[in-house]
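Below, each value reflects all heavy atoms present in this structure, side chains not excepted, and no hydrogens, waters or symmetry copies.
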Amino acid sequence: MKHLCNGPIALEALLACDDPACGAALLFTGCVREHNEGRAVSGMLYTAHERLADKALADICSEALQQFEIRSCRIIHRLGELRLGDISVAIAVQSAHRPAAYEASRWAIEAIKQRVPIWKKEHYIDGASRHLDGHTLDAAL
Amino acid sequence: MKHLCNGPIALEALLACDDPACGAALLFTGCVREHNEGRAVSGMLYTAHERLADKALADICSEALQQFEIRSCRIIHRLGELRLGDISVAIAVQSAHRPAAYEASRWAIEAIKQRVPIWKKEHYIDGASRHLDGHTLDAAL
Amino acid sequence: MNLILIPYGPLVDVLGEGPLNIECPATTAAELLAWLHQQYPALQAWRGRIACGLGDELLRAASPLGEAQRIALIPPVSGG
Amino acid sequence: MNLILIPYGPLVDVLGEGPLNIECPATTAAELLAWLHQQYPALQAWRGRIACGLGDELLRAASPLGEAQRIALIPPVSGG
């Protein structure tokens, strides 16, 4: 699974810029926050339909390359139990000019939240856990 | 000079997220591109009015914190001779929610280009060099 | 038809980890979901919100089902 | 008034590295720039585009100048 991992995301590899045509790079990282919707969070479990999720993330990279004037788009999503502050998702975009990098990165994180079969289960400091509400897939019946 | 450096920018330090209220981080990096306005570039010299540039970069960080719902904004600009692919500027923004991080980062790079007394001198593979056209400061007379 | 259902995300809280071996009259993905909603009233909150996956494809409403297929039940997603 | 001028960026290509010790009748930043444009026709392209810095402040048009001050000449910027 090229776009999924079970341990810390290797940011150095995502940051590497060996394409001399690139003038701008943007690295977005999402991480586990201590509060959500007013509740104190202690950690988060990410699960996935790994095969479909990896494919959806690959599709998002391809579509970003088609839709925006960027040179590369790499996305890694972490699965499993994460602690506060752990990075759950990283999106690295490189482009010749900066506006396209911002637009593509922003588009990609929204697409991830809407289309990729990954689920969050939040753990709270009071011991409770719950799956968060999510985005219904276009293919829902 | 807190916001200026003469060697490679330490990205790891900029990426560190030790604020558990942050759910999103965005790292923008600008680097030396092999082509500009149709000419083949071999490198770039960045010079600055260091005292005014450091102050202007500090101002941009403060203003970003005031204008956007972000938790931190750090900017480092590199000076001196840079080679192709070298990172000239890095902007790290952290926020609870991602939209503010994107908005603040985008605002900051535009502000840097318009307000900070730093100058690029491009070197071309044919041996020529020239300062690039720039943005006139509001304080120009 | 005999089918094997694999619930994902919050559907695990309702249907268990699975896989669920079921015997049902459905011949399409849409019919499978209609049948599921009848059998599991606790799925009410997910009416119109579950997608079906087969291999690495998402099924359409009219996609035909085959004997012994493993069907992923995919509720609204919350990655990122 | 005696002033010490420090050119920056592309102004170095026109005025040299500096510092330039000058003797001029200007008493404000605006007057200094007017005088400079008269003395250095090569600055034509920068008319209205140069800011003056003193210490860590940018000067306004009417900012008074003092004897022996070091004035930074700041052309359009191109960082990033």
Trainee: Take atom CD of B/Glu69 as the centre, draw a 6.0 Å sphere, and report whether it contains more than 12 heavy atoms from other residues, nucleotides or ligands.
Mentor: no
Trainee: Report the distance from atom NZ of B/Lys55 to atom CG of D/Leu58, rounding to the nearest 0.5 Å.
Mentor: 7.0 Å
Trainee: For B/His77, is it the side chain, the backbone, both, or neither that has a heavy atom closer than 4.5 Å to a heavy atom of chain D?
Mentor: side chain
Trainee: Does any heavy atom of chain D fall under 4.5 Å from the side chain of B/Arg78, the backbone, both, or neither of them?
Mentor: neither
Trainee: For the side chain of B/Thr47 and the backbone of D/Gly9, is there at least one donor-acceptor N/O pair under 3.5 Å apart?
Mentor: no
Trainee: Nearest 0.5 Å, what's the OH-NE2 distance between D/Tyr8 and B/His131?
Mentor: 12.5 Å
Trainee: With a 4.5 angstrom heavy-atom cut-off, which part of B/Ala56 approaches chain D: side chain, backbone, both or neither?
Mentor: neither
Trainee: Checking heavy atoms, do the side chain of D/Leu33, its backbone, both or neither come under 4.5 Å from chain B?
Mentor: side chain
Trainee: Once you round to the nearest 0.5 Å, how far does CG of D/Asp56 lie from CD of B/Glu50?
Mentor: 13.5 Å
Trainee: Nearest heavy-atom pair of D/Gly55 and B/Leu52: which atoms, and what distance?
Mentor: O-CG, 4.2 Å
Trainee: Let me know if B/Asp54 has heavy atoms under 4.5 Å from chain D in its side chain, its backbone, both or neither.
Mentor: neither
Trainee: Please give me the minimum heavy-atom distance between B/Ser88 and D/Gly80, naming the atom from each residue.
Mentor: OG-O, 3.2 Å
Trainee: Only one of B/Leu137, B/Val116, B/Ile118 passes side chain to side chain contact (heavy atoms under 4.5 Å, CB included) with D/Val77; say which it is.
Mentor: B/Leu137
Trainee: Kindly compute the distance separating CG (D/Leu36) from CG (B/Leu141), expressed to the nearest 0.5 Å.
Mentor: 11.0 Å
Trainee: So which atom in D/Arg49 and which in B/Gly134 form the shortest heavy-atom distance, rounded to 0.1 Å?
Mentor: NH2-O, 3.2 Å
Trainee: Can you tell which part of D/Leu32 gets under 4.5 Å to a heavy atom of chain B, answering side chain, backbone, both or neither?
Mentor: neither
Trainee: Please classify the contact between D/Asp13 and chain B as side chain, backbone, both or neither, with a heavy-atom cut-off of under 4.5 Å.
Mentor: side chain
Trainee: Give a yes or no on whether the backbone of D/Ser78 and the side-chain of B/Tyr46 come within a donor-acceptor separation of less than 3.5 Å.
Mentor: no
Trainee: For atom CD of D/Glu23, is the number of surrounding heavy atoms from other residues, nucleotides or ligands below 6.0 Å larger than 12?
Mentor: yes
